[in-house]
2 protein chains.
Amino acid sequence: MERDTGLSKDTLRVWERRYAFPNPARDQHGERVYPIEQVEKLRLIKRLMDCGHRPGKIIGQSIEILRALGGGLGKESTGPVDLEIFLNLISSHQLPELRSLLSQTMARSGLQNFILKTIVPLNVAVGDAWMSGRIAVFEEHLYSELVQNLLRNAIAAIQPQGRTPRVLLTSLPQEQHSIGLLMAEAILAVEGASCIPLGPQTPMADIVTAARVHHADIVALSFSSSYPETKVAESLKQLRLALPVSKHLWAGGNGSARLRKPIEGVQTVVSFEKMLDMVKLWREASA
Amino acid sequence: MERDTGLSKDTLRVWERRYAFPNPARDQHGERVYPIEQVEKLRLIKRLMDCGHRPGKIIGQSIEILRALGGGLGKESTGPVDLEIFLNLISSHQLPELRSLLSQTMARSGLQNFILKTIVPLNVAVGDAWMSGRIAVFEEHLYSELVQNLLRNAIAAIQPQGRTPRVLLTSLPQEQHSIGLLMAEAILAVEGASCIPLGPQTPMADIVTAARVHHADIVALSFSSSYPETKVAESLKQLRLALPVSKHLWAGGNGSARLRKPIEGVQTVVSFEKMLDMVKLWREASA
DNA sequence: TTAATAAAGTTGTCCAAGACAAATAGTTGA
DNA sequence: TCAACTATTTGTCTTGGACAACTTTATTAA
């Protein structure tokens, strides 16, 4: 259930006590068995919470109402590219067609624009489509794999220039999403920065050591919206203390956008567009 | 601690009660704070358990003795390629050199041989080197990223032939290791099979649906040694029941090698070499 | 001596309810 | 309009008991 919903065991228990939901059946040993509709409702609630809703307010609502609440989320942003075509290919399992359309789009717009104008909005659209029940988990997985291949191939095609800044890219142990890291790496590679990609889930002590031995100028962390809210600021403060002041610390992803107060010595990467400006600023400052 | 050691919260608690280890300090709120040496010992124990040791027997030993126990693990297999060179490059952070040596080796031996003779033994060697404290977590991460890039690029270079069998590749929700899936995909791609790579952590219901809509002939699952032992057989039986009998079900990875009794209708992929034979057999049978 | 069976020991996961710190919302006063 | 204070909400940690499933050892039969 933790994996399926993104909610911790303790949270599920305390919700049972407080809100009488979820209300799982019990098997012959008295252990909880969650009906599929409760799992779906929990997933919806989790996603709405990531958008700022509070559990106590929405947990009593029916699935239909929750769906409606989420429906109006990403509608306002209609990108320049028609995302509907992509979504249709995803939900109709046209793997080769989807692959070539993505490749074509990338070739046409260039890597940076492809990420900014197509992949980022498409990720949001896919998330929404999953939420409204339009596409399934495995369809999302397949799409992710495809994008990952595309990005890794593009990055490999650019390859080392040895220019500054040297950016260490990773996420903390609780954060397993890596697609954001790849997008950042691709964009930075185009800018001519040298990336040290550690992949997701690097322990803090290792980040500090890696930054030292690889002479990183910037340590960039990614936080998805499923990263525990309370932990983001805490982890960043701790890491800031452990890193030499000379090294910049950047925090990106939807999880870091929720930060209320800025943290001393930590820069928030609001968007990939802004990240380009930040690289420019770093270069000016270090010149 | 769960992430850092791979041991569940409950296991850590019950060990405290039964074996008086770990014995974490407490902060001002009475919450557990684990000294670094206890974390290391726990990691060692976890790894030794994956090799068949039982916790009660080894938990009382000192770190030195545990290290010695693990040291004699993979020594017998000295591959044809000199792994020492790779290990040295990893531990001395020579990223570009490591990258090009891997590429060269791949070009020289061919993709399949590269995986069988270099990557597989190297993965084991890296794991052992981590265990003996020779390389750090972040160095292992960097190596993983590199291999992943290499494999994904190689797979992309082969690309679709539309030949059978159609193999759906994924792992179950608790299993996050994906490098084994990539190696399998690469080897199968060379054989001309069509892969549907869903990445790791696909819920069982989604695997069934995906197998249907993509007309998969074979569903191949990967289990690493950190997958809960008791769950492997259980999950496979359940999935076997949910899949049509016409679809083959293959289980690979170190986690599935621990299966004592074979499961009706499930084939164990003992090694990548054997997988090639299995593909051949499938083709003969389906002709 | 071997093989099968039973008993004893080992091990991980689940259960329940309590406590509390931190975050959020609501209220009041300047 | 903003800041400070209070009340409420919320998630995570705590403890120890229970037990099913697995392993090992002992016992019995062939």
Side-chain angles (χ1 to χ4, degrees), chain A residues 1-3 5-34 42 45-46 48-60 173-174 225-238 255 258-261 263, chain B residues 1-3 5-34 42 45-46 48-60 173-174 225-235 237-238 255 258-261:
Chain A
M1 280 301 293
E2 291 189 325
R3 294 274 174 193
T5 62
L7 298 162
S8 81
K9 179 176 174 165
D10 285 313
T11 302
L12 290 167
R13 290 297 140 74
V14 92
W15 283 8
E16 271 184 48
R17 277 188 268 162
R18 290 193 186 135
Y19 313 119
F21 183 90
N23 180 18
R26 300 294 177 131
D27 66 6
Q28 69 269 28
H29 305 309
E31 299 183 4
R32 292 170 175 79
V33 181
Y34 292 84
L42 285 168
I45 291 172
K46 174 61 167 54
L48 287 169
M49 281 169 59
D50 291 341
C51 302
H53 287 84
R54 304 199 70 183
K57 306 285 175 187
I58 57 176
I59 203 166
Q174 313 221 25
S225 53
S226 53
Y227 197 85
E229 289 200 43
T230 42
K231 297 290 158 54
V232 179
E234 191 187 323
S235 319
L236 285 171
K237 279 177 196 159
Q238 212 181 323
R258 289 178 308 199
L259 278 174
R260 296 143 216 300
K261 297 169 187 173
I263 300 167
Chain B
M1 280 300 294
E2 291 190 325
R3 293 276 172 193
T5 62
L7 298 162
S8 81
K9 178 177 175 165
D10 285 314
T11 302
L12 290 168
R13 291 296 141 74
V14 93
W15 283 7
E16 271 185 48
R17 275 188 267 163
R18 291 197 185 131
Y19 313 118
F21 183 89
N23 181 16
R26 301 294 178 131
D27 65 7
Q28 69 270 29
H29 304 309
E31 300 182 4
R32 293 169 175 79
V33 181
Y34 292 85
L42 286 169
I45 292 171
K46 174 59 168 52
L48 288 169
M49 282 170 59
D50 290 342
C51 302
H53 288 85
R54 304 198 67 180
K57 305 284 174 187
I58 57 176
I59 203 166
Q174 312 221 26
S225 52
S226 53
Y227 196 86
E229 288 200 44
T230 43
K231 297 290 157 53
V232 180
E234 192 186 324
S235 319
K237 279 176 195 161
Q238 213 181 323
R258 286 179 311 200
L259 278 173
R260 295 142 217 300
K261 297 170 186 175

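Since the model is a prediction, treat every value here as computed from it, not as a measurement. The basis for the numbers below is simple: all heavy atoms, side chains too, and nothing from hydrogens, waters or symmetry mates. Numbered from 1 within each chain, the chains take letters A, B, ... in sequence-line order.
- Atoms CE (A:Met1) and P (C:dT13) sit 18 Å apart, rounded to a whole Å.
- Taken from CZ in A:Arg32 to CD in A:Glu16, the straight-line distance is 4.0 Å, to the nearest 0.5 Å.
- The side chain of B:Ser8 places an N or O atom within less than 4.0 Å of a non-bridging phosphate oxygen (OP1 or OP2) of C:dT13.
- Nucleic acid contact for A:Arg13: sugar-phosphate only, since backbone atoms but no base atoms lie under 4.0 Å from a heavy atom of the residue.
- At C:dT10, none of the side-chain N or O atoms of B:Tyr19 fall inside 4.0 Å of OP1 or OP2 (strictly under the cut-off).
- The distance from atom CD1 of B:Ile58 to atom P of C:dT10 is 15 Å, rounded to the nearest whole Å.
- With sequence neighbours excluded, no residue satisfies side-chain hydrogen bond (donor to acceptor under 3.5 Å, both in side chains) with A:Lys237.
- Taking atom CZ of residue B:Arg26 and atom C1' of nucleotide D:dC13, one finds them 10 Å apart after rounding to whole Å.
- Atom CD of B:Glu16 and atom P of C:dT13 are 16 Å apart (whole Å).
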Quiz: residues 17-24 of chain B side-chain donor-acceptor pairs under 3.5 angstrom, not counting sequence neighbours:
none

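- The CG atom of A:Asp27 sits 11 Å away from the P atom of D:dA20 (whole-angstrom rounding).
- The NZ atom of B:Lys9 sits 13 Å away from the P atom of C:dC14 (whole-angstrom rounding).
- Residues forming a side-chain hydrogen bond (donor to acceptor under 3.5 Å, both in side chains) with B:Gln238 (at least two apart in sequence, or on another chain): none.
- Counting only residues at least two apart or on different chains, the side-chain hydrogen bond (donor to acceptor under 3.5 Å, both in side chains) pairs with a member in residues 5-14 of chain B are A:Lys9-B:Asp10, A:Asp10-B:Lys9, B:Ser8-B:Thr11.
- Nucleotides of DNA chain C nearest to B:Gly56 and A:Lys57 differ in position, and the one nearer the 5' end is that of B:Gly56.
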Please list, for nucleotides 18-20 of chain C, all pairs of protein and nucleotide N/O atoms separated by less than 3.5 Å.
unit_1: C:dG18; atom_1: N7; unit_2: A:Arg17; atom_2: NH1; d: 3.0
unit_1: C:dG18; atom_1: O6; unit_2: A:Arg17; atom_2: NH2; d: 3.3

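- Regarding B:Glu2, its CD atom lies at a distance of 12 Å from the C1' atom of D:dT12, rounded to whole Å.
- Listed nucleotides: D:dT14, D:dT10, C:dC15. Nearest to the side chain of A:Glu31: C:dC15.
- Between A:Arg32 and C:dA16, a side-chain N or O to OP1/OP2 separation shorter than 4.0 Å is present.
- Atoms CD1 and CG, on A:Ile45 and A:Leu7 in that order, are 8.0 Å from each other to the nearest 0.5 Å.
- In this structure, B:Met49 places its CE atom 5 Å from P of C:dG12, rounding to the nearest Å.
- Of the listed nucleotides (C:dG12, C:dA16, D:dT23), C:dG12 has the atom at the smallest distance from the side chain of B:Thr11.
- Residues meeting the salt bridge (charged side-chain N to carboxylate O under 4.0 Å, His left out) test with A:Glu31, sequence neighbours left out: none.
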